[in-house]
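First up is the structure itself, then whatever we jot down about it.
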Protein chains: 4
Amino acid sequence: MNKREVHASVKDERLVIKRRNQMIKGAVSLFKEKGFHRTTTREIAKASGFSIGTLYEYIRTKEDVLYLVCDSIYDQVRDRLQKDLDQTEGTLESLKLGIANYFKVMDEMQDEVLVMYQEAKSLSKDALPYVLKKEFEMVSMFEDVIRRCVENGELALTDKQVEFIAHSIVVQGQMWGFRRWALQKVYSLDEYIELQTELLFNGIRGG
Amino acid sequence: MNKREVHASVKDERLVIKRRNQMIKGAVSLFKEKGFHRTTTREIAKASGFSIGTLYEYIRTKEDVLYLVCDSIYDQVRDRLQKDLDQTEGTLESLKLGIANYFKVMDEMQDEVLVMYQEAKSLSKDALPYVLKKEFEMVSMFEDVIRRCVENGELALTDKQVEFIAHSIVVQGQMWGFRRWALQKVYSLDEYIELQTELLFNGIRGG
Amino acid sequence: MNKREVHASVKDERLVIKRRNQMIKGAVSLFKEKGFHRTTTREIAKASGFSIGTLYEYIRTKEDVLYLVCDSIYDQVRDRLQKDLDQTEGTLESLKLGIANYFKVMDEMQDEVLVMYQEAKSLSKDALPYVLKKEFEMVSMFEDVIRRCVENGELALTDKQVEFIAHSIVVQGQMWGFRRWALQKVYSLDEYIELQTELLFNGIRGG
Amino acid sequence: MNKREVHASVKDERLVIKRRNQMIKGAVSLFKEKGFHRTTTREIAKASGFSIGTLYEYIRTKEDVLYLVCDSIYDQVRDRLQKDLDQTEGTLESLKLGIANYFKVMDEMQDEVLVMYQEAKSLSKDALPYVLKKEFEMVSMFEDVIRRCVENGELALTDKQVEFIAHSIVVQGQMWGFRRWALQKVYSLDEYIELQTELLFNGIRGG
DNA sequence: TATGAATGAGGATTCATTCAT
DNA sequence: CATGAATGAATCCTCATTCAT
């Protein structure tokens, strides 16, 4: 169940990928602006640079576009994280760096991430699991890093705590984008990272 | 700008309130099930117990329903919190209790809160500020409590830290509902509160 | 299974009947001209004297229109026949009159009958049986008349022969409309009736 | 006006014939299943074993396919009849055999014949006459046989009666396929032929 | 006030046909 | 000759909103 196939009438695999990338790019910017429901398929086609007929050569339903968009965003986020988190050696310092890096990714991709989280609920019962799975994967990446710290004796945490903290980190990263109207007026990204790290490591009472 | 007026053709104030409450109740359960966009005005009228014609005696557009729903949910959440947070005396213990109470409210109202956050983006540029303002208010309520702790010397925090922590608390409460598919399978509410409090107060490294 | 219900959003039964009659009238003349598939729902609405939205208050799908049309034509044909065939007393003379009358009905309604037989195949698996049933009924009406002649000793026929002859009569009546391009150029209706009766009663070799 | 030319871009006559035969075969089975309108040109191409582009090298419009199909079916029916009817010597016995043979052909080709009669109406004003002409030819073949019987003194019929009877025979043959849902459940083909012959020759009152 | 029939702009999707390779 | 990607007009159907009763 790693990927949900989206049917294309066109056979040339290379072309399918190319056109879908055009599509995703066009769709993201439209979804960003007006949301999935308020965006018409014609607008998507136009923003993608081809006709409505051509659009439907590469998907079966409008919802397919949303799925492709979500799928693609997750893949981008994950790729950017993986490179980083894989190298951590299980020290608190590298955990901190991992978190900071994640927050930076979430800053750069905040539009995409916002789109994904706000529209994912419009996916059919059929497609949703594939997207949730990706969210789980992201949490897992942090779990792994934290667990390595535990194994190294740098932290003393139960499994449940590890999972919980991983969720917390992921959510706090998303929060930067979701609450930009509040946070980004008050804090710079670096400040936000600093505050988050401080709170996460030392709690309210400070170190 | 405390409330945005939603026009009603009907003059009898008492009736307007009664009908709108019917409306909100019906709409919330529909939005919960299928989202704002997939819900039709006819369905809302039916779920509210009156005809489509009558529905439009109490609102001007479909979006008005969404605004009323969001507005109402916020009011409920705030009412339930205020009672509690107002009494805190500025001790860490009472802060903890306030947080626990907030999490419980978010648990009980998770469906409504979910609806509100997922659909609020569909509000027009016109209505959005009124809703965001309420979100600010909620954050402020926690800020006040924390600030009282600072004033009492129980905590040493800058203003920016106070605001940041208030945001964090609010978000972590919402997280319980948003990520229920992950969290509520693993933790009980009490466990979740325990973990959150522990992390918030002492950080990753424990007390 | 006497009637297949076609859903209407409008509740006023009287109005539903009135609007559907407008609809059937408009649709028949369009189907006559260009067939079911080449007729658009907008054209049907226009020909019926109301808007496309209103059309869909009285049906669910385009196919419903076809079903209503077929259903209505059958009902008209049957009503006109029944009056007549019911009174026959089981003499050859009254059988002849019944046949002549049937041919006259088929002449007057040839457009409708043509439409029905040419488009009925476009009905869904769901609706088809209801229409076939009516065709059976028509055959049965003739079977009854013939059987009465047999009972009276005017004819000596097995059951199978009776059924077969009834089918033959029905088909020859339809033939007048179906092959109008050939027959109606050569024969008047009365001539046609005369020839058919003669052939049916006495065969090729004449009396 | 013996044949209506259907334009092909391809010059090689042999190839044109070969490809069109593939096309007709594929199209008949599709039309049988879902009718002309519900069949897409892509499906026809696929069923024919070549691409949509190639299909359009051999026809100009979708309707051309229908014309070719109808034309081909008529040719087949006529070929099979002609062999037979040409040899009749103008006796009642050979007329009977001719009729029986025609009914057998109509039995074997009932699918094709059904398709042709149900879809022919979709032919344009342009193509229809060519198809009707073939129908006339078929009637003529029977007229000829009957006329020979008259010339031989085996039957006493006017010209109008001859034409009328020829039509009747043709229609009764088609009836076997059209009303298969009723007739073929009750009669075997041989029984049906027997009943038809008896009725045609002796009429209702028997010999 | 309450009702529900009427409206028609708007949206998703299909499919015959073309044309560059 | 063969292919199949591209096109966009055409079509079915929905649904927010209005208004006469």
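Each chain gets a letter, A, B and so on, in the order its sequence line appears, and its residues count up from 1.
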| query | So A/Ile59 and A/His7, side chain to side chain contact (heavy atoms under 4.5 Å, CB included) or not? Walk me through it. | reply | CA-CA 6 Å; A/Ile59 52 160; A/His7 176 91; over 6 Å; no
| query | Any donor-acceptor pair under 3.5 Å joining the side chain of C/Arg42 to the base of E/dG10? | reply |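 Yes.
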Which nucleotide, [options], lies nearest any side-chain atom of [X]?
X: D/Ser51; options: E/dT17, E/dT1, F/dT3; answer: F/dT3
X: D/Arg19; options: F/dA2, F/dC13, E/dA5; answer: F/dA2
X: D/Tyr58; options: F/dC1, E/dA16, F/dT7; answer: F/dC1
X: C/Thr54; options: F/dC1, E/dT7, E/dA2; answer: E/dT7

| For the residue pair B/Val28 and B/Val115, what are the closest heavy atoms and their distance? |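 Here B/Val28 and B/Val115 meet closest at O-CG2, 4.2 Å.
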Using a 4.0 Å heavy-atom cut-off across all strands, classify [X] as base, sugar-phosphate, or nothing.
X: A/Thr41; answer: base
X: B/Thr40; answer: sugar-phosphate
X: C/Ser9; answer: sugar-phosphate

| said: Tell me the bend of the helix from E/dA2-F/dT21 to E/dT21-F/dA2 as the angle between end helix axes, each from five pairs, rounded to the nearest 10 degrees. | reply: 0°
Report the distance from atom [atom1] of [X] to atom [atom2] of [N], rounded to the nearest whole Å.
X: B/Glu43; N: F/dC15; atom1: CD; atom2: C1'; result: 10 Å
X: A/Arg60; N: E/dA12; atom1: CZ; atom2: P; result: 18 Å
X: C/Glu63; N: F/dT11; atom1: CD; atom2: P; result: 19 Å
X: C/His37; N: E/dA16; atom1: NE2; atom2: C1'; result: 15 Å
X: B/Glu57; N: E/dT3; atom1: CD; atom2: P; result: 10 Å
X: B/Ile52; N: E/dA2; atom1: CD1; atom2: P; result: 14 Å

| message | Working note: B/Lys3 + B/Asp75, criterion side chain to side chain contact (heavy atoms under 4.5 Å, CB included); need CA distance, chi angles, decisive distance, verdict. | response | CA-CA 11 Å; B/Lys3 284 272 176 186; B/Asp75 282 352; 2.8 Å; yes
| request: Please test B/Tyr117 against B/Glu135 for side-chain hydrogen bond (donor to acceptor under 3.5 Å, both in side chains), starting from the C-alpha separation and ending with a verdict. | output: CA-CA 10 Å; B/Tyr117 280 96; B/Glu135 182 77 16; 2.2 Å; yes
| said: I'd like to know if B/Arg20 and B/Asp71 make a salt bridge, using a cut-off of under 4.0 Å between side-chain N and carboxylate O. | reply: no
| Going by an N to O cut-off under 4.0 Å, is there a salt bridge joining A/Glu43 and A/Lys34? | yes
| request: Considering just the side-chain nitrogens and oxygens of D/Tyr56, establish if one lies under 4.0 Å of OP1 or OP2 belonging to E/dT17. | output: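 Yes, within the criterion.
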